[in-house]
There are 2 protein chains.
Amino acid sequence: MALKIRKNKSPEPPYGCPLTECMSVLGGAWTPNVIWSLSAGPRRFSELRIDIPGVSPKVLTTRLRDLEARGILHRDVKPTSPPSVEYSLTAHGMKLVPAIEAIVSVGHELKKAGKPTPKRRTSRRLAKSV
Amino acid sequence: MALKIRKNKSPEPPYGCPLTECMSVLGGAWTPNVIWSLSAGPRRFSELRIDIPGVSPKVLTTRLRDLEARGILHRDVKPTSPPSVEYSLTAHGMKLVPAIEAIVSVGHELKKAGKPTPKRRTSRRLAKSV
DNA sequence: GAATGTAGTTTCCATTCGGTAACCCGTGGT
DNA sequence: ACCACGGGTTACCGAATGGAAACTACATTC
């Protein structure tokens, strides 16, 4: 007999799911880092590069453009000479900060719990031997 | 003159960053959905497939194996005949739920704010025309 | 006029990732 | 005997992504 499907549904269906929605924002590489960095105040391109070691200018540009297009951050070109460009979170972007804080604090807990840093991804051939 | 670098550093450097740490867990496709679904109680493989429309068995398997290896969820094979397999969050995995809730609630806000759903990801050739 | 600094852009490349589809195994029902 | 179901696995594939490196433009300064 077919097992019956329990139907205490999970809180949100993934159709137009806010979860998916939000993850599409946070999903890109370095995105949370950028937002996190900006949460401490406005920053220029090269400051961000320093704040986020390892990010390449290409990816950083991509992220900034993308987040700007989504209304998460604001790009402000100061007409100084050499013009400097300042990025800051919009009110909209600020809303993401608590979520990122939550993620960060979970990150702390995950580290505290001393994960043995699993290196294997799909090497679970043992499934049948269980 | 070189602009001076402001040094009100962002809260966490990305070296062994808890943010990065945690995102490496949440980053895979459908991962948050899986955890979200399991946050409502234990679920079997096929229930998850129903809860998360669009997820392929391959990816679902991958995610479940990965999350199991990380200690986020627990795989419980019931020795019934046909054996059914139940997945549930570990205490560890539960810790992720608030973060996901935060993400979900931001997702709601992002939707409320009526984003014009930018479909283009990297098609911002227009950069110069701005 | 050469160097430096800011703020990127562009090209190229390798890899990863996820999706599709097909297949597998054991059990139970008809 | 045969099919369906639960719970996957495997092979194959194309798109997307992220990284590296080189290059650009403009302005100031030496």
Side-chain angles (χ1 to χ4, degrees), chain A residues 1-6 14 20 23-24 26-34 42-68 73 75-87 121-130, chain B residues 1-6 14 20 23-24 26-34 42-66 68 75-87 119-130:
Chain A
M1 181 258 257
L3 294 183
K4 60 188 284 273
I5 302 298
R6 285 166 294 195
T20 305
M23 287 308 289
S24 86
L26 300 182
W30 309 108
T31 303
N33 304 268
V34 169
R43 261 159 170 62
R44 286 178 294 108
F45 191 83
S46 30
E47 289 175 318
L48 288 170
R49 290 191 67 181
I50 292 168
D51 269 7
I52 312 171
V55 71
S56 71
K58 191 196 85 166
V59 171
L60 184 52
T61 302
T62 309
R63 285 297 89 85
L64 291 170
R65 293 284 177 276
D66 192 47
L67 293 173
E68 187 195 358
L73 57 81
R75 182 172 185 269
D76 190 26
V77 182
K78 302 286 182 71
T80 59
S81 98
S84 75
V85 182
E86 204 170 72
Y87 296 91
R121 304 173 181 252
T122 30
S123 57
R124 272 288 309 301
R125 222 75 352 187
L126 350 155
K128 11 185 62 167
S129 70
V130 178
Chain B
M1 182 258 255
L3 294 183
K4 61 188 284 271
I5 301 296
R6 284 165 295 195
T20 305
M23 286 308 288
S24 85
L26 298 182
W30 307 110
T31 303
N33 304 267
V34 169
R43 260 159 172 61
R44 286 178 293 107
F45 191 84
S46 30
E47 289 175 317
L48 288 170
R49 291 191 66 181
I50 293 169
D51 269 6
I52 312 170
V55 71
S56 69
K58 190 194 87 164
V59 171
L60 185 52
T61 301
T62 309
R63 286 296 91 84
L64 291 170
R65 292 287 176 272
D66 192 47
E68 187 196 359
R75 181 172 186 269
D76 190 27
V77 182
K78 303 285 181 76
T80 58
S81 100
S84 75
V85 182
E86 204 171 73
Y87 297 91
K119 283 147 177 54
R120 13 352 138 16
R121 313 178 171 247
T122 29
S123 56
R124 274 286 309 300
R125 266 337 78 149
L126 351 155
K128 14 185 58 169
S129 70
V130 179

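Chain A is the first sequence line, chain B the second, and so forth, proteins listed ahead of strands; every chain is numbered from 1.
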Is the shortest heavy-atom distance from the side chain of [X] to the side chain of [Y] under 4.5 Å?
| X | Y | answer |
| --- | --- | --- |
| B:L48 | B:V55 | no |
| A:D51 | A:E47 | no |
| B:L60 | B:W30 | no |
| A:L73 | A:Y87 | yes |

Indicate whether OP1 or OP2 belonging to [N] is found under 4.0 Å from a side-chain N or O atom of [X].
| X | N | value |
| --- | --- | --- |
| A:R49 | C:dA7 | no |
| B:R65 | D:dT9 | yes |
| B:W30 | C:dG19 | yes |
| A:Y87 | C:dT6 | no |
| A:S46 | C:dA7 | yes |
| B:R43 | D:dG6 | no |
| A:R44 | C:dG5 | no |

Considering only [options], which nucleotide approaches the side chain of [X] most closely?
| X | options | result |
| --- | --- | --- |
| B:S56 | C:dT9, C:dG19, D:dG8 | C:dG19 |
| B:K58 | D:dG8, C:dT10, D:dC12 | D:dC12 |
| A:S84 | D:dG8, C:dG8, C:dT6 | C:dT6 |
| B:R63 | D:dA20, C:dG18, D:dG8 | C:dG18 |
| A:T61 | C:dT9, D:dG8, C:dG18 | C:dT9 |

Rounding to a whole Å, what distance do you find between [X]:[atom1] and [N]:[atom2]?
| X | N | atom1 | atom2 | answer |
| --- | --- | --- | --- | --- |
| B:L60 | D:dG6 | CG | P | 14 Å |
| A:N33 | D:dG18 | CG | P | 12 Å |
| A:L64 | D:dG18 | CG | P | 13 Å |
| B:D76 | D:dG6 | CG | P | 18 Å |
| B:I50 | D:dC5 | CD1 | P | 12 Å |
| A:D66 | C:dT9 | CG | P | 13 Å |

_When the axes are fitted on five pairs at both termini, how much does the helix from C:dG1-D:dC30 to C:dT30-D:dA1 curve, in 10° steps?_
10°
To the nearest 0.5 Å, how far apart are [atom1] in [X] and [atom2] in [Y]?
| X | Y | atom1 | atom2 | result |
| --- | --- | --- | --- | --- |
| B:L64 | B:R43 | CG | CZ | 12.5 Å |
| B:M23 | A:N33 | CE | CG | 9.0 Å |
| B:D66 | B:T61 | CG | OG1 | 12.0 Å |

*Would a distance-only check, ignoring hydrogens and angles, find a side-chain to backbone donor-acceptor pair under 3.5 Å from B:R63 to B:A29?*
yes
